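Here is the structure we will look at.
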Amino acid sequence: MPEADQDNNSHLAMKTFKELVLAIIKAIPRGKVMSYGQIAAYAGSPRAARQVGQILRNTDGDSKLPWWRVINSQGVITIKGNWYSNAELQKKLLEREHIKVSQDFIVPMATFRWTPSSTQLEQIIA
DNA sequence: ACCCTGACTTGGC
DNA sequence: GGCCAAGCCAGGG
């Protein structure tokens, strides 16, 4: 579709950034992880990694969302003393699906990073 | 419309 | 490897 695309396709029921982010996270397979920036990029905004974190914070409680499969680009589980952060739980959930997590909450990204195929991506974004 | 806030990332020491 | 400063941009007030 070389012509009517870009910004003028409001008739195509565009998903918001937030909807895309949630769809992508739900699609992460068991035993795999993605970084905030990676998710933002697939959602169409490569520099919006922080928003992914913000969305996760606000959607805490949605059990259908595999939030524990989202970590930062360094493979580090974000540790905060806040009510919304539970590094121990996240580590446990990751290990439950055979993802290695070091004592200092670091996951080897090179091994466990998920990269969706273009086909998978199409289905997610659709 | 403007201002502020960050579950982030990257580049430079 | 670690720490710091700057850039980023969607959401909410």
Side-chain angles (χ1 to χ4, degrees):
Chain A
M1 47 174 198
E3 40 199 59
D5 46 347
Q6 301 299 325
D7 307 314
N8 289 329
N9 47 359
S10 53
H11 61 292
L12 292 181
M14 294 278 290
K15 281 188 178 178
T16 64
F17 177 77
K18 182 176 180 179
E19 291 172 325
L20 288 171
V21 166
L22 293 176
I24 292 168
I25 294 176
K26 285 182 182 175
I28 303 175
R30 235 183 97 85
K32 292 293 181 180
V33 296
M34 285 182 96
S35 74
Y36 299 91
Q38 204 186 348
I39 292 167
Y42 285 121
S45 189
R47 312 289 183 130
R50 306 183 70 154
Q51 281 59 247
V52 175
Q54 185 171 256
I55 290 167
L56 276 180
R57 187 187 53 175
N58 294 328
T59 54
D60 192 49
D62 183 352
S63 58
K64 302 196 187 321
L65 198 67
W67 55 269
W68 60 90
R69 296 183 186 134
V70 182
I71 57 186
N72 79 14
S73 67
Q74 309 304 306
V76 182
I77 291 176
T78 303
I79 303 170
K80 301 278 183 180
N82 302 323
W83 55 271
Y84 53 75
S85 180
N86 192 333
E88 288 292 349
L89 173 60
Q90 186 163 5
K91 183 171 184 289
K92 187 188 286 184
L93 288 169
L94 287 171
E95 290 174 332
R96 196 174 67 181
E97 38 195 75
H98 309 117
I99 292 174
K100 292 179 188 172
V101 185
S102 68
Q103 291 184 60
D104 40 348
F105 303 92
I106 300 176
V107 174
M109 284 300 279
T111 305
F112 297 102
R113 179 195 300 279
W114 183 52
T115 304
S117 68
S118 54
T119 305
Q120 292 172 313
L121 205 52
E122 269 183 47
Q123 297 185 329
I124 294 170
I125 295 177

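Letters A, B, ... are given to chains in the order of the sequence lines, protein chains preceding strands, and every chain is numbered from 1. Source: prediction; values computed, not measured.
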Can any side-chain N or O of A/Q90 pair as donor or acceptor with the backbone N or O of A/F105 at less than 3.5 Å?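 Answer holds: no.
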
Could I get the full list of salt bridge (Lys or Arg N to Asp or Glu O under 4.0 Å) partners for [X], not counting sequence neighbours?
X: A/E88; value: none
X: A/K32; value: none
X: A/E19; value: none

Value in whole Å for how far the C1' atom of B/dC8 lies from CG of A/N72: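 Taking CG of A/N72 and C1' of B/dC8, I get 7 Å after rounding.
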
Return the value, rounded to whole Å, for the distance between atom CD1 of A/I106 and atom P of B/dA7.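 Taking CD1 of A/I106 and P of B/dA7, I get 19 Å after rounding.
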
Exercise: identify the closest heavy-atom pair between [X] and [Y]:
X: A/I24; Y: A/I39; value: CD1-O, 3.8 Å
X: A/R113; Y: A/Q38; value: NH1-OE1, 2.9 Å
X: A/L65; Y: A/K26; value: CD1-CG, 3.6 Å

Residue that, paired with A/W67, satisfies side chain to side chain contact (heavy atoms under 4.5 Å, CB included) out of A/I55, A/T59, A/L93: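 When side chain to side chain contact (heavy atoms under 4.5 Å, CB included) is applied between A/W67 and each of A/I55, A/T59, A/L93, only A/L93 qualifies.
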
Does A/S73 put a side-chain nitrogen or oxygen below 4.0 Å from OP1 or OP2 of B/dT9?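 Result: yes.
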
Decide side-chain contact (heavy atoms from CB on, under 4.5 Å) for A/I77 and A/L94; before the verdict, give the C-alpha distance in whole Å, the side-chain angles of both, and the deciding distance to 0.1 Å. CA-CA 10 Å; A/I77 291 176; A/L94 287 171; 3.8 Å; yes

Stem finding on DNA chain C, please: runs of three or more consecutive Watson-Crick or G-U wobble pairs, both distances under 3.5 Å, sorted by first number.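 DNA chain C forms these stems: B:2-6 with C:9-13, B:8-13 with C:2-7.
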
Would you tabulate the nitrogen or oxygen pairs shorter than 3.5 Å linking the protein to nucleotides 1-3 of chain B?
none

Can you tell if the side chain of A/S73 reaches within under 4.5 Å of the side chain of A/M109, non-hydrogen atoms only?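 A side-chain contact under 4.5 Å is absent here.
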
Would a 4.5 Å heavy-atom cut-off, applied to side chains only, mark A/L121 and A/Y42 as touching?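 Contact flag for A/L121/A/Y42 side chains = yes.
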
Once side-chain contact (heavy atoms from CB on, under 4.5 Å) is applied, do any residues pair with [X], and if so which ones, sequence neighbours excluded?
X: A/K100; answer: A/P108, A/F112
X: A/A49; answer: A/Y36
X: A/Q54; answer: A/R57, A/N58
X: A/L20; answer: A/K15, A/A43, A/I125

Please list each protein N or O that sits under 3.5 Å from an N or O in nucleotides 11-13 of chain B, with the distance.
none

Nearest-nucleotide 5' precedence on DNA chain B, A/Q74 against A/V52: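 In this pair, the answer is A/V52.
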
Any residue in residues 25-42 of chain A with a heavy atom nearer than 4.0 angstrom to DNA chain B? Just list them by number, or reply none.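 Only A/S35, A/Y36, A/G37 qualify.
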
Between the protein and nucleotides 9-13 of chain C, list the N/O to N/O atom pairs that are separated by less than 3.5 angstrom.
{"residue": "C/dC9", "atom": "O2", "partner": "A/Q51", "partner atom": "OE1", "Å": "2.7"}
{"residue": "C/dC9", "atom": "O2", "partner": "A/Q51", "partner atom": "NE2", "Å": "3.3"}
{"residue": "C/dA10", "atom": "OP1", "partner": "A/S45", "partner atom": "OG", "Å": "3.4"}
{"residue": "C/dG11", "atom": "O4'", "partner": "A/Q54", "partner atom": "NE2", "Å": "3.2"}

